[in-house]
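Below is one structure, written out as structure tokens, with a few remarks after it.
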Amino acid sequence: MKPLPIGILGSGKGSNCQAILERIRSGDLAAEARVVISDVLDAPILEIAREFSVANAYLAPGRFRTRLELEAENGLVDMLREAGVGLVVLAGFMRVLHAPMLKAFPGRIINIHPSLLPKFPGLEAWKQALAAGDEVSGCTVHYVDEKIDHGNIIAQREVPILPEDTPESLHARIQIAERELYPAVIAEFCARYQAASS
Ligand code: GRF
């Protein structure tokens with residue numbers, strides 16, 4: 001079985017990255033993590049990569065807050081290409097990607113978001129769901145385009161909102177669902193990759 005080479009990008013704690021790396025290590029996921037890249041020098045996601053002996057790198061983002069400077073985005077493309085990445089997995093990466101990445105990896109960049117998109121894109125989506133009085137929230141894996149938390153939806157998982165929920169308890173429950181959904185979606189990409197390369 002030829003493993004799908006993936007690259008994981010994140011800015012924060014990396015619980016989704018950890019779940020993916022655990023599935024790979026246990027043989028449940030036919031992927032190979034080639035590199036983990038963060039725009040935050042001391043992000044825990046880089047430490048997780050080191051714990052799993054996965055190549056990892058800090059990408060200096062430049063002077064903007066929500067996107068990468070052009071040079072940085074071109075550099076990201078180079079890093080991922082050099083690592084031979086076939087699927088780019090955004091796991092809490094807090095910057096919007098633009099033409100360099102989208103052209104280099106068409107249909108091969110995915111993201112996970114903690115709401116049932118198209119509801120509640122943007123920051124702290126679980127708080128938005130609570131404030132709206134919804135009874136159900138969840139998480140979404142989608143293809144990445146130039147808009148925030150936008151792009152064709154690949155899969156969703158529902159999570160109930162309980163009367164006693166706080167933002168923290170709801171977020172924690174959604175994250176449990178994320179750590180199941182994301183590896184399952186990546187497994188589908190792996191199956192397609194293997195079918196195409198056999
Ligand atoms: C996740 O909740 C994901 O939905 C959002 O960012 C968060 C990243 O969490 N895009 P982690 O770094 O994987 O723990």
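Atoms within each ligand, like the ligands themselves, are counted from 1 in listed order.
For ligand 1, the polar-atom distance check against Ser15 finds a nitrogen or oxygen pair separated by under 3.5 Å. In terms of N/O distances under 3.5 Å, ligand 1 is approached by Gly14.
Hydrophobic clustering, with ILVMFWY side chains joined whenever heavy atoms are under 4.5 angstrom apart, groups Ile24 together with Leu87.
Between the side chains of Glu22 and Gln18, at least one donor N or O sits under 3.5 Å from an acceptor N or O.
Ligand 1 has Pro114 within reach: a non-hydrogen atom of the residue lies less than 4.0 Å from it.
With sequence neighbours left out, Arg34 forms a salt bridge (charged side-chain N to carboxylate O under 4.0 Å, His left out) with Glu32.
Among all heavy-atom pairs drawn from Gly7 and Leu80, the shortest one is CA-CD2, 4.3 Å.
The part of His113 lying near ligand 1 is the backbone, judged by heavy-atom distances below 4.0 Å.
Each of Ile110, Asn16, Ile109 was evaluated against Leu90; a single residue qualifies, Ile109, per the side chain to side chain contact (heavy atoms under 4.5 Å, CB included) test.
Distance from atom 7 (C) of ligand 1 to its nearest protein heavy atom, with residue and atom name: Gln175 NE2, 3.9 Å. Looking from atom 8 (C) of ligand 1 to the surrounding protein, the closest heavy atom is Gly92 CA, 3.5 Å.
Taking a cut-off of under 4.0 Å to the non-hydrogen atoms of Glu178, the atoms of ligand 1 that pass are 1 (C), 2 (O), 3 (C), 4 (O).
Sequence neighbours left out, the pairs with a member in residues 159-185 that pass ring pair (Phe, Tyr, Trp, His ring centres under 6.0 Å) are Trp126-His171.
One option in Ile112, Ile174, Leu181, Leu123 has a heavy atom closer to atom 5 (C) of ligand 1 than any other, and that option is Ile112.
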